[in-house]
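Written out below as C-alpha cells is the structure these notes cover.
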Amino acid sequence: MINIITALQCEARPLIDHYRLRGNAKQSAFRCYQNDELRLVISGIGKLAAATATTYLASSDTQTSSGWLNPGIAGHADHAIGTPLLAHKLIDAASEQQWFPGIVIPAPCASETLTTIDRPEAEYRPGTMIDMEASGFYAAASRFQSCELIHSLKIISDNRHQGTDQITEKNTTALIHDNLSTIDAIIDELQTLAHQQNRIEKAPIESDAFMAQWHFTTYQQNQLRGLLRRWHALNLPAAPDPNNFSQLTTSKAVLKAIKEHLDRQPVHFYEANR
Amino acid sequence: MHRLIYIEEAVADHPRTKAICARFPRATKVYCKHYGEVFNRKGQNFRLQKQNPALILAHKHKNHVLNAPDGYGIGGQRNYYFSHMLNCLYDCRYCFLQGMYRSANYVIFVNYEDFQQAIVDTAREHPDEALWFFSGYDCDSLAYEPVTNFTDEFLPTFSQLPNANLELRTKSLQIRTLLNTEPFDNCIVAYSFTPAALSQALEHGVPSVEKRIEAMVKLQQHGWRLGLRFDPMIYQEGFEKDYQQLFEQLFSRLPAESIHSVSLGTLRTPKAFHQNMVNLYPEEKLFAGRFDEQRGMITYAKELEEQMTHFCYDQLMQYIPQSLFFACTPPE
Ligand code: SF4
C-alpha cells in the first residue's frame, strides 16, 4: 500500500485522475481517495494538518509496511520552475528539528533540503526548498514506518524570478501533472520496497490454524510465529500442521514440541539460499 | 557509487573529505551536525539500506583506541581495536554489525591522525610489552581501500612502532598498497574463511575462497606474514568434510612458514544483536537451526561447539604447529 498526503485539492487532482482513485465517502475527517494499491488524503495547509492527516491514514493502514509519499509544490530561490526534487533532509524551521530520509530507491530525480515554515516568508532561504507541510508529514509518518519508505517529493512552483504571487490552482495542477512520470516512478519503487518488507514480515500462513486450535498469549503468538518462520527457513519437506500436535493440550506444550522438532533438524546450505 | 554523502559540517573542509567526495562526483552532499543524526536514529531498516548504502563522513572525537573484546586476541596480553570505518561493503549473513547498528550506511572517520596519535600514545604507555591493534572489528580492514586509503595512511604508523602489532582482518582482494609496501614484521594480514559452499550461501558480495587464497599467495610472495581466521565457524550437516576440504585447499597453497597465526571460533552473537538479525532475515536458514544462550551470547549448543572446535583443531594440527593456534572463544 502507498499512502499519499497532499495539502491541496489542486495538487491531488492529477493523481486522482492518473491512478483512478475513488472518493471514500466513509471517511469524513479528511477528503480521502483510494484504489486497491494507493490511498490519498488531502490534508489542508500547514504542518499540523499534514501530521494529523498522516496519522489519520496510518491508523487505518492494515499493512506492516507501506510506502508514504508527500508530493506537492515548494519554493526555492534558484531551481527552475517545474523541477522535481526529493527531500534528502527535512528541517522544521520553528523547532529546528531535522530528519534525514534514507534514499534507498533509485530515484528518478535530484534531491534537495526541504525546510517547512509556519508562515509565508518574504525571502527565500539559501540552499533549501520551502514548504508548509513536510515536517508534519515526516514527523508523523516516521512513527509508523522506517525512513526508507517515507519521502517528500516537491515540484518547484516559485523562485527568485517568479514569486508565489503567480501560483494559481491551475498551474499547481499543471506542475503536478507534468511530473506524473517522476511521481509514478517513485511510487513504483516504494511499492516494490513495501512488498519486499511485507513478504518478510508476513506471519506464516499456518499461524491462524495453530491459534484456532490452542489459546496463545500475545507473547506466545510471537514465539509461534518465530518457530513457524524457522520451520519454513529450514525448507523441511512437510509443512507445519497443527494436526500433528493434536495430542497436546496446551499452547506451551505445542511451542515446546515444535521447538524440539526444529532443534533436531539438520541444517544444510547447499540449495540456493537467497 | 553512492547517491548521497552525508558530511558532518565540522569536516566539510577536511582534505580527506574532499578527496573522498572527489571519487563520487555525482553524489549529492548532505550536511549534518553529527553523524549520529543520520546513523543512530531510530526507525531505520538495515536490510533496506544495505541495498543502496550512503556514505557518511565524520569526525571521531574520543575513544580512538578501545580494548578488544575477550577472545579477539592472538596470544597477546594487551589487545586493542580501532575503527576508522563503521560497516562493511560485504554482506555476511552472520555479521554482528547488522544486529549492532541501526543503519547500513558506511561511516568513515576522516581524522585518521587522531587514531594514529592514540595508537602511538598507547604503544608508548607500554614500551616493554607487545601490543596488538586490530583494525577489522567494525568493518573489513581492506574492502573499502580505494576510498579510505587506509593501509597507505596507517602502515607507516605501525612500521615505526616495533612494540605495536597490527592485524588487518579481511576478506578483500584490495592488496595493491600492501604489494607496493615493504613488509614489516609487526603487521599481519589475516584472512577469514568459511568453506566455499557456506561462503556462497552466506557471504554475499565476498570474493570467492579461491580468489582470497590467490591474494594471500601474492602477499606471502611479497613477504607479508599471514593469519588465517576461521571465526565464525559455521555449522551445517557434514561440516567435517567442508572444513577438511577448506584446510586442504588453504595449506596446499600457503607455505606453513608464511603463517603467523591461525584462530578458530564458533558462531556467537550477543543476544540482542542476534534477535535484531533474526528480525531482519526471518527466512534465513543460518538462524533457523538450534541455538542456545550462554552468558548473554547466542551460540550453537555446547556439545556441537565442542565437536566443531575439536574436529577443526585436530585437522589444523596436521598442518601447523600448536604454537600458531589460538582459540577465539572467550574464557568461561
Ligand atoms: S566481511 Fe566481516 S565485517 Fe564485512 S560483512 Fe562480512 S563479517 Fe561483516
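Keep in mind that the numbers below use all heavy atoms, side chains included, and drop hydrogens, waters and symmetry copies. Numbers restart at 1 for each chain; the letters A, B, ... are given by sequence-line order, proteins then strands.
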Exercise. Please report the shortest heavy-atom distance between B:Glu284 and A:Phe269, naming the atom on each side.
Key: OE2-CE2, 4.1 Å
Self-check item: Gap between atom CD1 of A:Ile200 and atom CG of B:Asn45 - 0.5 Å precision
Solution: 7.5 Å
Quiz item: Checking heavy atoms, do the side chain of A:Ala107, its backbone, both or neither come under 4.5 Å from chain B?
Solution: both
Quiz item: Checking A:Leu149 against chain B: side chain, backbone, both or neither under 4.5 Å from a heavy atom?
Solution: side chain
Quiz item: Is it true that atom CG of A:Leu236 has more than 12 heavy atoms of other residues, nucleotides or ligands lying nearer than 6.0 Å?
Solution: yes
Quiz item: Most heavy-atom pairs under 4.5 angstrom with chain B, which of A:Gln197, A:His232, A:Glu201?
Solution: A:Gln197
Quiz item: Can you tell me how far the NE2 atom of A:His88 sits from the NZ atom of B:Lys29, to the nearest 0.5 Å?
Solution: 11.5 Å
Quiz item: Would you say the side chain of B:Gln51 lies within less than 4.5 Å of the side chain of A:Glu148, judging by non-hydrogen atoms?
Solution: no
Quiz prompt | Max heavy-atom pair count under 4.5 Å with chain A, selected residue of B:Leu280, B:Val38, B:Asn279 | solution = B:Val38
Self-check item: Residue A:Glu96 excluded, over 12 heavy atoms near CD under 6.0 Å
Solution: no
Quiz prompt | B:Lys285 side-chain N/O to A:Val267 backbone N/O, donor-acceptor pair under 3.5 Å | solution = no
Quiz item: Looking only at heavy atoms, which two atoms of B:Asn52 and A:Ile103 are closest? And how far apart?
Solution: ND2-O, 4.1 Å
Quiz prompt | Least distance between heavy atoms, B:Tyr6 atom then A:Pro101 atom | solution = OH-O, 3.6 Å
Self-check item: Value rounded to 0.5 Å, distance of CZ in B:Arg290 from CZ in A:Arg264
Solution: 11.0 Å
Quiz item: Roughly how far, to the nearest 0.5 Å, is the CZ atom of A:Phe100 from the CG atom of B:Asn105?
Solution: 11.5 Å
Quiz prompt | Contacting moiety of B:Lys33, where chain A heavy atoms sit under 4.5 Å | solution = side chain
Practice problem: For residues A:Cys147 and B:Gln44, report the shortest heavy-atom separation together with the two atoms involved. | Solution: SG-CG, 4.1 Å
Quiz item: Can you tell me how far NZ of A:Lys89 sits from CD of B:Glu37, rounded to the nearest 0.5 angstrom?
Solution: 7.5 Å
Quiz item: Where do A:Ala233 and B:Ala288 come nearest, in terms of heavy atoms and distance?
Solution: CB-CB, 3.7 Å
Exercise. Mind ranking A:Pro106, A:Ser111, A:Gly226 by heavy-atom pairs under 4.5 Å with chain B and telling me who comes out on top?
Key: A:Ser111
Quiz item: From A:Lys202 NZ over to B:Glu283 CD, what is the distance, rounded to the nearest 0.5 angstrom?
Solution: 13.0 Å
Self-check item: Nearest atoms (heavy-atom pairs only) where A:Ser146 meets B:Leu48
Solution: OG-CD1, 4.2 Å
Practice problem: Can you establish whether the number of heavy atoms outside B:Glu303 located under 6.0 Å from its atom CD is more than 12? | Solution: yes
Practice problem: With a 4.5 angstrom heavy-atom cut-off, could you sort out which part of A:Gln196 is near chain B: side chain, backbone, both or neither? | Solution: side chain
Quiz item: Non-hydrogen atoms of chain A under 4.5 Å away: do they reach the side chain of B:Asp242, the backbone, both or neither?
Solution: side chain
